[in-house]
Amino acid sequence: MPDLQALVTSIHADLAPRFGAGNVADYIPPLAHVDPRKFALAVVTPEGETFAAGDADEPFSIQSISKVFTLTLALGRLGERVWDRVGREPSGDPFNSIVQLEHEQGRPRNPFINAGAIVVADMVLAGHTPREAIGEVLRFVRFLATDDDIAIDEAVARAEKATGDRNFALAHFMHGFGRLTRPVDHVLGLYFHHCAIAMTARQLARAGLFLAAGGRDPLTGARVVAPARARRLNALMLTCGHYDGSGEFAFRVGLPGKSGVGGGILAVAPGRASIAVWSPGLNAVGNSLLGSEALEMLAARAGWSIFGG
Ligand code: DON
């Protein structure tokens, strides 16, 4: 077992001269105002140890990382029927792209691009008011992180709606194909709110621990999902979790991971650790620049790539 605290501390120190690199997402105004020099790295092991460096206790907007949690909820509710309405293939397109939707009759390529996550939000909403469904997602994330302090940043949720033209376009387009069962306003209300969940790197790493431990929370003993489902969630994170940067992330890091435009990434080293990193500056395809580099260093130095070596 590597000395994880020494590893985490050394990665923080190695990257410190470059804190602030990349471009902060500016299409949602509250995200544009985040200090680009923030950096956090947190590693939680199935034994319950946490190793952290930097701003690991500062909440940030988890954005698209929340799509892992809503997909987990939808699978719990609908099982394999989820896949009737959304695919499991990488898109090779940006997260907010509309181009494939017309060719593929409004069925999104995968649950992590925006169109797919909007369909998943429609599934989570079924039988609920938007307010109830938002509460259900938040309760689930709090349960996974064993932390009731996690909250939704309402200012971010409002800004997402105010700047959400492309998401409205995607949702209306899919509604036009009969792919959504609920009104667009309700579905996007849920989508904008789950993207606006704020968590610290420590909380996020803790929430992802079930994915590193075969679907069971090893610290509480709770069975979150079956082992086969955890394996498949990890497979989707590996192949689709970084949009058209997913191949590059697999090549360089070699771990399932899900990014968000807030600069966070949740990564899973199966059997070994759940990892959260936060650095707001993004690369050209909208994934955290230094966050990806931190994970590349961690996977290489700890020998954690799922591809060996
Ligand atoms: O849909 C949006 O624009 C955002 N709320 C979420 C986007 C996001 O995080 C994409 N990920 N890298």
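Just so you know, ligand 1 is whichever comes first in the structure, and atom 1 is the first atom listed for that ligand.
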(Q) Suppose we screen for side-chain contact (heavy atoms from CB on, under 4.5 Å). Which residues come up paired with S246, at least two apart in sequence or across chains? (A) H242

Q: Can you label the angle between the H12 ring and the F39 ring as parallel, tilted or perpendicular, going by 30° and 60°?
A: tilted

Q) Taking the six-membered ring of F112, is the NZ or CZ of K258 close enough (under 6.0 Å from the centre) and on axis enough (within 45°)? A) yes

Q) What pairs with R81 under side chain to side chain donor-acceptor pair (under 3.5 Å), at least two apart in sequence or on another chain? A) none

Q: If the plane angle is over 60° it's perpendicular, under 30° parallel, otherwise tilted; pick one for W278 and F60.
A: parallel

Q: Show the protein residues that qualify under the rule heavy atom under 4.0 Å from an atom of ligand 1, listing them in chain and number order.
A: Y27, Q63, S64, F95, N114, E160, N167, Y191, C195, Y243, S259, G260, V261, G286

Q. Sequence neighbours excluded, which residues qualify as side-chain contact (heavy atoms from CB on, under 4.5 Å) partners of L289?
A. A21, N283, E293

